[in-house]
Amino acid sequence: MRRGISIAAAVTVIALSATACGGSDDNASSKPKDPKDVSGTITYWDTSDAANEAPAYKALISEFEAKYPKIKVNYQNVPFTDVEQKFKSAAKSGKGAPDVVRTDVGLMAEYASLGYIAPLDGTAALKDTSDFNTGPMNTAKYNGKTYGVPSVTDTLALLYNKDLLKKAGISKPPATWDDFIADSKTIKKKTGAYGTYLNPDAYFLLPLLYSNGADMAQPSEKKITISDAAAVKALTTAKQINDEASMKVDFANAYQNMQTAFKNGKVAMLVQGPWSVGDDLTGKAFKGKESNLGYAPVPAGEGGKAQAPTGGHNLAVYQGSSNLDASYLFTQFMTSTKSQVTIAEKTGTLPTRKSAYTDKVTADAKIAGFKPILEQTARPRVALPQVGSLFTPLAQNYVKILQGDTSVKSGLDATAKEFQKLLPGYSIG
């Protein structure tokens, strides 16, 4: 999955003055140096897959150093699961933080609110911003400022087995959640395969929330909305999918079992992201027949709108860096069209720049399949520093709802009360 996994409740903005020495909001207004005069050593924390993706980034760093011979990059690959706590600890203490960090888009608001990352508006880091797709660009913004530069992106879509839908007499993937449930029943009846496998992780609940006009909270009104009528409708639909359309969920190992069932043809449709496709193509349903894998937007809700979260990674610059100008140049280089094309071609990840979707890049069926979906349905998560922490109580109560241990309304009411502890000053609306 591509989301921030445990953003702590907002704390210690006071720590900013003690830990972010060397940087300020004046970064954006200071006159940038001529690039040829910029020198120094910067540390870059990369969270890409060390075996399959990191070589592409290392090669680009060599190109950067050749272009800017006075700048040396200290490359460090940090596991995605470790980088959040490692970066926050280093930034808070003021010791050992990287100059540039590849960060999950779900962490941007927290890092910005704590003063750990520098605003980039007006710096060399941001170039040709109109070329970025709107969804990824919006993930880099917080309180009217830009704190990151989009590097790679993703979203959730409906992946489906074309053969199974055809055998069931279904001519196109379902456009609504009601159709999704009905088609799942038809698929089970006519093919023996299950329609879907419901992922009980709360991140995968977001398309149901969004498509029904629901969300976790509304910052502009300081309201918690996870228990309102739209959210109740979304969770009621999720419960119906679990009970009527899904293969029996193994809550202890849901993700792996879901993947195994789909790629081996025991499940016809999944709400999934592009990161799963490489694994899908190893199963008997798709191995050697990549064209059998279909891509469609997530189904629409009662309001008729299909929406899914924008995921991916941005490059952010540490507020306390002693080499800000070099960090800005590095960030710009690594997110340029040329670099994004290289990354997409070598890793299969989706670019964030419109100009990076070249014919060669879109020759990758996965990228071609997700590109229109990303443009049409992806939206940022609610821009709250505590957004990652909200997933914990939501996930806990979501599982209770699916397992029948609590009603939809009771489970969401309990979630809202937990949200209130994490969002001081917010009312349950």
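Because only heavy atoms are used, hydrogens play no part in the values below, and waters and symmetry mates are left out as well, while side chains stay in.
Side-chain N or O atoms of Asn323 include none that pairs as donor or acceptor with a backbone N or O of Ala326 at under 3.5 Å. Side chain of Ser89 to backbone of Lys86: no donor-acceptor contact under 3.5 angstrom is found. Proximity of a side-chain donor or acceptor of Thr139 to a complementary backbone N or O of Gly311 within less than 3.5 Å is not detected. Between the side chain of Thr123 and the backbone N or O of Ala125, at least one donor-acceptor pair lies under 3.5 Å. Side-chain atoms of Asn133 do not come within 3.5 Å of backbone N or O of Gly135 as any donor-acceptor pair. Not one N or O on the side chain of Asp154 forms a donor-acceptor pair closer than 3.5 Å with the backbone of Pro274. Of the possible donor and acceptor atoms, one in the side chain of Thr352 sits under 3.5 Å from a partner among the backbone N and O of Pro150.
The two residues Thr310 and Ala378 make their nearest non-hydrogen contact at OG1-CB, 3.3 Å. The nearest pair of heavy atoms linking Tyr426 to Lys223 is CD2-N, 3.4 Å. Taking both residues in full, the closest heavy atoms of Leu126 and Gly148 are given as CD2-O, 4.3 Å, listed atom of the first, atom of the second, then distance. Shown here for Val149 and Leu120, the closest heavy-atom pair between the two residues is CG2-CD1, 3.8 Å. Across all non-hydrogen atoms, the minimal contact from Pro207 to Ala308 is CG-CB, 4.2 Å. Taking all atoms of both residues into account, the shortest heavy-atom contact from Ser184 to Met269 is OG-CE, 3.5 Å.
Taking 4.5 Å as the limit, some side-chain heavy atom of Leu205 sits within range of a side-chain heavy atom of Leu235. For the pair Leu198/Ile241, a side-chain contact is recorded, criterion being any heavy-atom separation below 4.5 Å from C-beta on. Using a 4.5 Å cut-off on side-chain heavy atoms (C-beta onward), Val317 and Ile117 make no contact. Residues Met137 and Thr146 form a side-chain contact, since some pair of their non-hydrogen atoms from C-beta on lies under 4.5 Å apart. Put simply, the side chain of Pro98 does not reach to within 4.5 Å of the side chain of Tyr44, judged on heavy atoms. By the 4.5 Å heavy-atom criterion applied to side chains, Ile61 and Met334 are counted as neighbours. Taking the side chain as every heavy atom from C-beta outward, Ile71 and Leu329 approach each other to under 4.5 Å. At a threshold of 4.5 Å between non-hydrogen side-chain atoms, the residues Ile226 and Leu394 count as touching.
For the side-chain hydrogen bond (donor to acceptor under 3.5 Å, both in side chains) condition, the pairs that include at least one residue of residues 206-221, sequence neighbours left out, are Trp177-Ser211, Asp215-Arg379. Under the salt bridge (Lys or Arg N to Asp or Glu O under 4.0 Å) criterion, the residue pairs touching residues 126-137 are Asp131-Arg353, with sequence neighbours excluded. Annotation: ring-ring contact (aromatic ring centres under 6.0 Å, His included) contacts involving residues 215-234, sequence neighbours excluded, are absent. Applying the salt bridge (Lys or Arg N to Asp or Glu O under 4.0 Å) rule to pairs touching residues 295-315 yields Lys233-Glu302, sequence neighbours excluded. Applying the side-chain hydrogen bond (donor to acceptor under 3.5 Å, both in side chains) test to residues at least two apart or on different chains, the pairs with a partner in residues 64-77 are Thr43-Asn74, Trp45-Gln76, Asp46-Tyr75, Tyr75-Asn77. Applying the salt bridge (Lys or Arg N to Asp or Glu O under 4.0 Å) test to every pair with at least one member in residues 386-402, sequence neighbours left out, gives no pairs at all.
In this structure, the ring of Tyr318 has its center no less than 6.0 angstrom from the ring center of Tyr116. Between Tyr111 and Tyr147, the ring centre distance reaches or exceeds 6.0 Å. Ring centers of Tyr197 and Phe262: at least 6.0 Å apart, outside the cut-off.
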- Yes or no on side chain to side chain contact (heavy atoms under 4.5 Å, CB included) for Leu423 and Leu384, after CA distance, side-chain angles and deciding distance? CA-CA 9 Å; Leu423 298 171; Leu384 285 168; 4.1 Å; yes

- Task: With side chain to side chain contact (heavy atoms under 4.5 Å, CB included) as the test, would you mind laying out the steps for Phe391 and Asp201 before giving the verdict?
- Result: CA-CA 9 Å; Phe391 279 100; Asp201 184 277; 5.7 Å; no

- Query: What's the verdict on side chain to side chain contact (heavy atoms under 4.5 Å, CB included) for Leu60 and Ile343, showing C-alpha distance, side-chain angles and the deciding distance?
  - Reply: CA-CA 9 Å; Leu60 284 172; Ile343 292 166; 3.6 Å; yes

- Query: Given Thr335 and Gln340, is the side chain to side chain contact (heavy atoms under 4.5 Å, CB included) satisfied, shown in steps?
  - Reply: CA-CA 6 Å; Thr335 57; Gln340 290 204 14; 4.2 Å; yes

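Scored by the side-chain contact (heavy atoms from CB on, under 4.5 Å) test, Ser410 finds Thr406, Ser407 as partners (sequence neighbours excluded). Lys409 meets the salt bridge (Lys or Arg N to Asp or Glu O under 4.0 Å) test with Asp413; sequence neighbours excluded. The salt bridge (Lys or Arg N to Asp or Glu O under 4.0 Å) check on Glu290 picks up nothing, with sequence neighbours excluded. Legend: residues meeting salt bridge (Lys or Arg N to Asp or Glu O under 4.0 Å) with Asp250, ordered by chain and number and at least two apart, are absent. By the side-chain hydrogen bond (donor to acceptor under 3.5 Å, both in side chains) test, Asn138 is found to be paired with no residue, residues two or more places apart in sequence or in another chain being considered. With sequence neighbours left out, the salt bridge (Lys or Arg N to Asp or Glu O under 4.0 Å) criterion links Asp178 to no other residue.
In this structure, CD1 in Ile373 is found 8.5 Å from OG1 in Thr155, a value given to the nearest 0.5 Å. Summarising the geometry, atom CG belonging to Asp34 is positioned 10.5 Å from atom CG belonging to Asp325; distances are rounded to the nearest 0.5 Å. Here NZ of Lys239 is found 8.5 Å from CD of Gln403. Values are rounded to the nearest 0.5 Å.
Salt-bridge check for Glu53 with Lys346: failed, with every basic side-chain N at 4.0 Å or more from each acidic carboxylate O.
Side-chain atoms of Thr176 and Asp179 include a donor-acceptor pair closer than 3.5 Å. Residues Gln272 and Gln259 bring a donor and an acceptor atom of their side chains to less than 3.5 Å of each other. Residues Ser339 and Thr342 have side chains that never bring a donor and an acceptor to within less than 3.5 angstrom of each other. Using a 3.5 Å distance cut-off with no hydrogens or angles, the side chains of Asn397 and Thr415 do pair a donor with an acceptor.
The aromatic rings of Tyr295 and Phe370 lie perpendicular to each other, with more than 60° between the two planes, well past the 30° mark.
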